[in-house]
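The basis for the numbers below is simple: all heavy atoms, side chains too, and nothing from hydrogens, waters or symmetry mates. For clarity, every value in this text was computed on a predicted model and none was experimentally measured.
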Amino acid sequence: MEPEEVAALIEEGIPDATATVGQPRGVDDDDHLAAEVVSPAFEGETVLDRHEMVYDALGEHMTTDIHAVELTTKTPEEAEE
């Protein structure tokens, strides 16, 4: 999947999310991605819960099109810091 497609899935699946998706530094493989996701929906959630929200938004693509995704999840306030 193209990074833009992955970002769109995340943004559609998580309320008010902004996703930036690319390849992790030093990796030249289309199946490995890095995503930074910012959403007020993450407020009060643990890191594990935030990651689950992203995985839920990606759905079946996590098992068919994406081998691995390196996640950074933040609330808007955390992103400003």
Quick one: side chains of residues 44-58, donor-acceptor pairs under 3.5 Å with protein atoms, not counting sequence neighbours, listed by atom name and distance.
{"from": "Thr46", "atom 1": "OG1", "to": "Asp49", "atom 2": "N", "distance (Å)": "3.0"}
{"from": "Thr46", "atom 1": "OG1", "to": "Asp49", "atom 2": "OD2", "distance (Å)": "3.2"}
{"from": "Arg50", "atom 1": "NE", "to": "Phe42", "atom 2": "O", "distance (Å)": "3.3"}
{"from": "Arg50", "atom 1": "NE", "to": "Glu45", "atom 2": "O", "distance (Å)": "3.3"}
{"from": "Arg50", "atom 1": "NH1", "to": "Thr73", "atom 2": "O", "distance (Å)": "3.1"}
{"from": "Arg50", "atom 1": "NH1", "to": "Glu78", "atom 2": "OE1", "distance (Å)": "2.8"}
{"from": "Arg50", "atom 1": "NH2", "to": "Phe42", "atom 2": "O", "distance (Å)": "3.3"}
{"from": "Arg50", "atom 1": "NH2", "to": "Glu78", "atom 2": "OE1", "distance (Å)": "3.4"}
{"from": "Arg50", "atom 1": "NH2", "to": "Glu78", "atom 2": "OE2", "distance (Å)": "3.3"}

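- Considering all non-hydrogen atoms of both residues, Ala35 and Val69 come closest at CB-CG2, 4.1 Å.
- Minimum heavy-atom separation, Ala7 to Ala19: CB-O, 3.8 Å.
- Not counting sequence neighbours, the partners of Pro76 by the side-chain contact (heavy atoms from CB on, under 4.5 Å) test are Val38, Pro40.
- Pro3 approaches Val21 most closely through the heavy-atom pair CB-O, 3.3 Å.
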Mind running side-chain contact (heavy atoms from CB on, under 4.5 Å) on His61 and Val6 for me, showing each step along the way? CA-CA 9 Å; His61 297 286; Val6 175; over 6 Å; no

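- Applying the 6.0 Å contact sphere to CD of Glu70 captures no more than 12 heavy atoms from other residues, nucleotides or ligands.
- Between Ile66 and Met1, the closest side-chain pair of non-hydrogen atoms falls below 4.5 Å.
- In this structure, Ile10 CD1 and Glu36 CD are separated by 11.0 Å, a value rounded to the nearest 0.5 Å.
- Pairs passing the salt bridge (charged side-chain N to carboxylate O under 4.0 Å, His left out) check and including a residue from residues 8-17, sequence neighbours excluded, do not occur.
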